[in-house]
Amino acid sequence: MTVTSEVVNAPRRQSRRGASFRDAGPPVALIVIFLIFAALSPQFRSTDNVQNIVDAAAVLAVVTCGITFVLMMGSIDLSAAGVMGACALTVSLLVANNRNDNDFGLLGIAVAVLLGCAFGCVSGLALVLLKVPSFMATLGMSAVGLGVATLMFAGVQPNISDTMVKGLAIERFLGFSYLTWIAAVCILVGWLIQRYTRLGRYAFAIGGAEEVLLLSGVKVNPYKVAVFALAGAFYGLGGVMVTSQLGAGLVQAGDGYDFSAITAAVVGGTLLTGGRGGILHSAVGVMLVMVLTNGLVQIGVSPYWQGGVEGLIVVAAVAAAVIPQRRRNQVVK
Amino acid sequence: SEQAAGGNDTAAGGSAACDPSAVKLVGQVRNESNPYEASWLAGGDAFAKSVGLTQERLTYDGDSTKQQEQISQILAGDTKCLVMNVLPNGDSDTAPIVKGADQAGAYLVTQWNKPADLKPADYKTWLSHITYNGVESGQQIGDALATAIGGSGGIIALQGVLDTAAAKDRFVGLQNSLKKNTGVTLLDQQAANFSRAEALTVTKTLLTKHGDKVKGIWAANDDMALGALEALQQAGKAGKVAVVGIDAVPDAVSAVKAGTMTATVSSDGSWQGGIGLAIGFCAATGKLKVEDIAAANRAFFAEQFLITKDNAAEFAAPKTNPADFECGNVFNRVAGPLT
Amino acid sequence: MSTAVALKPTQRLTGFMPLIALAALVAALTIADPDFLTQRSLIAVARTAAPLIVLAAGATLVVLCGGIDLSIAALASLSTVFLALWLPDLGGLATPAVILVAATIGAVQGVAHVLLRIPSFIVTLGGMSILSAVALVVSGAGTVRVVDDSTVRWLDLYLAGYVPMSAAMAIIVVALIAVVLKVTPLRSWISATGYSESAARLAGTPVDLVKIGAFCVSGACAGLAAVMLVSRQFSGGPTMADNLLLPAVAAIVVGGTAITGGHGSVWRSLAGALVVTLLRVGLPIVGVPSAYEQILYGAIIVVAVALTLDRSKVSTVK
Amino acid sequence: MSVPALEVRGLVKHYPGVKALDGVDLVVQQNEVLGLAGENGAGKSTLLKALVGLVAPDAGSIYVRGEPVRLRSVVDAANHGIGMVFQEQSLVPNLTAAENIVLGSEGPAVRRGVYRWEVMRRLAQEQLDKIGSPIDPLARTDSLSFADRQMVEIAKVLRIEERTQHPPVVILDEPTSVLESKEIDTLFAQIRRLREFATVIFVSHRLDEVLDVCDRVSVLRGGQSVGEVATAGAVPRELHRMMIGSTGSDDHYHENAAATVGSEQPRLSVRGLSGTTFQDISFDVAPGEIVSIVGVHGSGREDVCRALFGAEPTTAGEIRMDGKKIDLPSTRAACAAGIGYVPAERKLEGMVGAMSVAENMTLAKQQARCAGPFVAPKKQATLVDSWIRRLSIRTPGRDTAIQRLSGGNQQKVVLARWLVAGDIRLLLLDHPTRGLDIGARSEVYRLMRELAATGVATVLLADSLEEAIGMADRILVMNDGRVATEVACPNGAKPSPLDLVKEMV
Ligand SMILES: Nc1ncnc2c1ncn2[C@@H]1O[C@H](COP(=O)(O)OP(=O)(O)OP(=O)(O)O)[C@@H](O)[C@H]1O
Ligand SMILES: Nc1ncnc2c1ncn2[C@@H]1O[C@H](COP(=O)(O)OP(=O)(O)OP(=O)(O)O)[C@@H](O)[C@H]1O
Ligand SMILES: [Mg+2]
Ligand SMILES: [Mg+2]
């Protein structure tokens, strides 16, 4: 039966090679960029600074965890900024603070995360019930979140005095702040969800071929909503983390995280069209972005140029990462 | 004609005094989600209440185009007794606001941002432009910082939104201070866009970059100073590095009082919110003739104070004196003409 | 599975949905504040909306091709700086020069997208930061005042005393794009590229050129929007138009153009831009407090999209 | 006699402009392999989709083992023991084979939303064992060959067994159209095995296959059942007559119409062409000649074809058209050089589903519908309508979205795309008859002959070896990315399939 073995083997050999190449791009880019900065700046390669980079990556990592699931489905989520703002205000008003007598501690954090979850849920429902593209549904939800946050802000900055929440950003364990460990746990949990739960695998499958799931009798809508809710929970946690870092609940807590998280995920190798990538890819992407931001400051690039150089390198990194997958008739949107 | 559709109104310019109850008060700031601007709007509300009116609150999310859009929409309505107290988003936004208001005959007071060559004196209903002397405040806190670190050592600077006059003036102030305090060296300067969160990350990075060489942090506003304070705390350097800011937001004043922050400079949001409307209201009701306003008061620096540990208690709960808003007193806080 | 639906009257209605949404919004605002529905007020809306219309119309082409252009606002900002800097030397030529440069920058991004095979989202996101940086540096991080605006002032005038020139210009641009698409094979090419790029390519459609062209037009439109902004602001600034990005994308989607590509039109974006403008300026003007304004904006925009999207043309909504 | 496994009475389904089902009756006995035949658009897929709850019929009733049922969803149908392998492959490419097999009915493989990979692998392995497939259940589906994926689909559909106590009904909608003859043999072996414990409905446009594997064939025409044939002793012609209502031509491949091959300069001349999956390919095609390339999956023939259309990069070699060296940096350049290409994956690459028949037909040759740079609507209408008539494309109108057409009609539109301008010099046809009914196929063959007669050179990747031999003037056998041999294939002296197969492996 030489024929069958030929039939079976030939394509498999091909695609394995492709797969290994494909995933190697971003980590290689990360290492290369790290080495370049390390060569250019002694401070950059100091242990302190590496710790600092990792610590600084914590919030972005958590937010990116959330957005990764949405991107895997082929949807997009721009609600991070608003959801984080609303959750930041929520948590700062629920733990010990200067605005009211609340002191709910962990419960406050849980409520904030749940609120994030609820926001995500609403985005998801708008997507599946009203059939509004996620781009718009989440953009709208972001505005709603900011509005809710502004309502809660009511003119006076809520400063938190809860030592536990503040401690998350200050206390350290094995050289890294608690927030960093929280982010690490999020990545682990995210990875487990992605690999071992129906939710994670279906999110992946929805990005791969949604119509096939329907043909197989899978009701995808609940999973879509759940993915947005999960992402919202991650944003909520991100909002809590920012609050802990800043010691105050800011409406702007999530400013810029939406686009940075998408950038990080894409740089890490998650496709905007869905169906490829994952939490570990995104973790690499987050590190890439953080190394860049930090490195540019360390080597002393003028603040005027930093954004531009960063944009250029991100584009270059993605370009380099896609080289192994380049085909003539490839669809790139 | 080439007049705007809305422009064929008779330019009011004080031709007929308005009935106090017919005056429409508009206060416009970036957003309601930071303490400074929230207190501005609250100040405007308080003044409006004192004259039996309400203030129409407008916010534009720091979005220049949205600000223009709102202004032109407001000016497309009834502009006869309109008084606007506006915080232009940037220098460039002032000109169209001024021209629009002038054409429509609405009374206008602007604050903070204005290009140097645009002068209220050249317009009829642009009553005044109020700002604080950024060069001076930047220098004041720079000097305070230099003193706090004992006259020598390295500092880092956190700049505001790079294309605003406030950010630039304040930084010029710092540079002046550095010229004077030759022992102090500026190790690094980065933009943190007046944002607490950005200041946090930038400071952390700069702290690892320069390590113990950093003795002080100069921030172009208090929000960034507070972010820097958090960064210091997270780096385990709280109390070891002096921090200064500008604006005297409540948190910063308490930090100064508690000694964690070295100094800040007062800029009184609730007074600013009230005074702009007050000047406009006085002009609209005819109690203040535009021609009578002294040239020096058409564009002026308002009084500001350096707040340090010694005097922080006085500023802890800023009180606005209603008397400041009486038509005779509206120019009480003038510290000098705009230079 | 493609859902087959009969062409019921309701279906034909979806084509007019953007207009219906617009009318509903005007009605609602008028109810909230009867003073809103005045001629002057509506003229002001039209004048206000002009740059957004132009930006959205250009970017619509990119969206129709299945991509997205996130750099339009930053490009418009940069263009305002260029225009303000060049007006003193070039005078009347500054306007075409700026539009040309903006078109070139757009095309360069298109080329990067096509040749490097990077998703347009990323190329233009990178482009956004790069253009912003350039704008900061070129302008010296400050506003560039236009002292003699005689050559761009015409855009800020009123036709026959009523119609804002900028709005008229915006409509001309939309009409121009629409007509060109209608009477040439471009429409087919763009739709095919947007619906199914690989099928389009294997049918010999010049997919790469079409995409680059779309980015080029999108850039040119950003340039024109910049001219309108300068004529309105009497200055150029490195962040002047930055905040128009999300409203422009919102305008496209609210118009009912599918964000996934293929289906849609520039006319829809025109209606969408008016809806978005009304929301941006109308809500605060009729007295909705800032916090509620954002909540309402978010909610209304989602509902508007739910109304305008023609689902028979878009199989899966992602 | 036992109750029928499945019975359909008077099923009706309307689509805008078409009556897809017009009162179909169908009886399927238990443990029977029932063939379903009919022209493109006869309503086969619609009927089958109604049987798995994907299409809600407007009228009529369905009985499962004598019980009337209303099937609302795939799950519903599966619970009644009915499962289907769809006409287009329906696997999630980025999941593992195992996940695809258990998709939607994970059972113990997923406990409270948590995957138990080992259980899943075991469940999948059980399914694969049923059909004796050696696939690794944890392989990613997109890394499997086409044939393997088809096996995965069958393994997946057999999962319905676990849902009911009754023997399952397995529906196969054109499963062979994408398979090679070896794979088809494997599939048929599976079907015969299935018959032991299941009922099978089988659709194919290859009537010999239908007669080969089925016990009975039911014929649909225009959404109605027009008759039944017991396969024992039946011949394709008879079926064909029932399908179209008249007898088709004997000369299926229109060999009489074969063009005289020009002997002068070759139309296409390929020398030493190499790419990622093929090396050193050289061959000529004369004007009017039809050259078939045959080879197993992975022989690289498809990539050669795409390379000739500028859709695949080449690393070496040269291509000449009519003696002139041409560069093919893009498909556009190939188009301009008078080359046309019909891709195998019609849904993904052949057509733009949401666009109209007219737009799809004129996509490649815009000049055919334009006056100067402008589209001339009148010209377009006349042009498109004439081709709709000429190729008897069944469509409600030229403005209907092409995705509403049946597969065969879609393919005709895609073919017409290259003919509308009349300037085509070389046609590259990759499985041009995939999914076409016998009549339509015959039409395509006739068309190919006509084109050849006008001097068009054709490179054909045929659907089957018979087709390759029947149509070609010459056959190129490819093996492992190289041309293994070239076989002349003149009328009256056709090589035997067996000879070719020897060279292919
Ligand atoms: N979703 C749909 N919307 C509109 N019309 C449809 C749809 N599905 C099928 N049709 C029409 O119904 C008729 C029957 O189609 P069906 O797919 O059942 O044919 P078929 O016999 O399976 O053809 P083929 O052999 O080409 O697969 C065709 O005319 C087709 O155009
Ligand atoms: N760009 C590529 N990179 C790596 N491998 C590829 C690439 N393109 C195709 N392949 C592999 O090369 C082999 C040749 O594929 P091809 O589809 O040309 O075979 P084929 O002989 O045409 O099959 P069929 O009989 O189905 O037409 C396949 O195993 C395919 O998976
Ligand atoms: Mg079918
Ligand atoms: Mg093939």
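Only heavy atoms go into these numbers, but all of them, side chains included; no hydrogens, no water, no symmetry mates. In what follows, chains carry the letters A, B, and so on, assigned in the order in which the sequence lines appear, proteins first and then strands, with residues in each chain numbered from 1.
Around atom CG of B:D212, no more than 12 heavy atoms belonging to other residues, nucleotides or ligands sit under 6.0 Å away. Other residues, nucleotides and ligands contribute over 12 non-hydrogen atoms within 6.0 Å of the NZ atom of B:K237.
Contact of the A:Q306 side chain with the B:Q190 side chain is registered, since non-hydrogen atoms from C-beta on lie closer than 4.5 Å. Residues A:K166 and A:I160 meet the side-chain proximity criterion, which asks for heavy atoms closer than 4.5 Å.
By number of non-hydrogen pairs under 4.5 angstrom with chain B, the leading residue of A:F153, A:Y304, A:F44 is A:F153. Here B:P35 is the residue among B:P35, B:A38, B:G211 with the most heavy-atom pairs under 4.5 Å with chain A. Taking chain B as the reference chain and counting heavy-atom pairs below 4.5 Å, the highest number among A:N52, A:L151, A:D48, A:N49 is found for A:N52. Heavy-atom pairs under 4.5 Å with chain B were tallied for A:G155, A:G300, A:S177; the largest tally goes to A:G155.
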Requested in this report: Please lay out, stage by stage, how B:N221 and B:R170 fare under the test side chain to side chain contact (heavy atoms under 4.5 Å, CB included).
Outcome: CA-CA 9 Å; B:N221 80 344; B:R170 290 169 186 185; 4.0 Å; yes
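Proximity to chain A (any heavy atom under 4.5 Å) is restricted, for B:L206, to the side chain, taken from C-beta onward. Interface residue A:A248: backbone and side-chain heavy atoms are both found under 4.5 Å from chain B. B:A42 does not touch chain A: none of its heavy atoms, backbone or side chain, sits under 4.5 Å away. Heavy atoms of A:V156 lying under 4.5 Å from chain B are absent altogether. Residue contact with chain B, scored on non-hydrogen atoms closer than 4.5 Å, involves the backbone and the side chain of A:L246 alike. For a residue to count as touching a neighbouring chain, one of its non-hydrogen atoms must lie under 4.5 Å from one of that chain's; by this rule B:T205 touches chain A with backbone and side chain alike. Heavy atoms closer than 4.5 Å to chain B are found in the side chain of A:Q252, but not in its backbone.
A donor and an acceptor atom, one from each side chain of B:D251 and A:Q157, are nowhere located under 3.5 Å apart. A donor-acceptor contact closer than 3.5 angstrom is absent between the side chains of A:Q298 and A:Q43.
We find that A:D55 and A:R172 are joined by a salt bridge, their nearest charged nitrogen and carboxylate oxygen being less than 4.0 Å apart.
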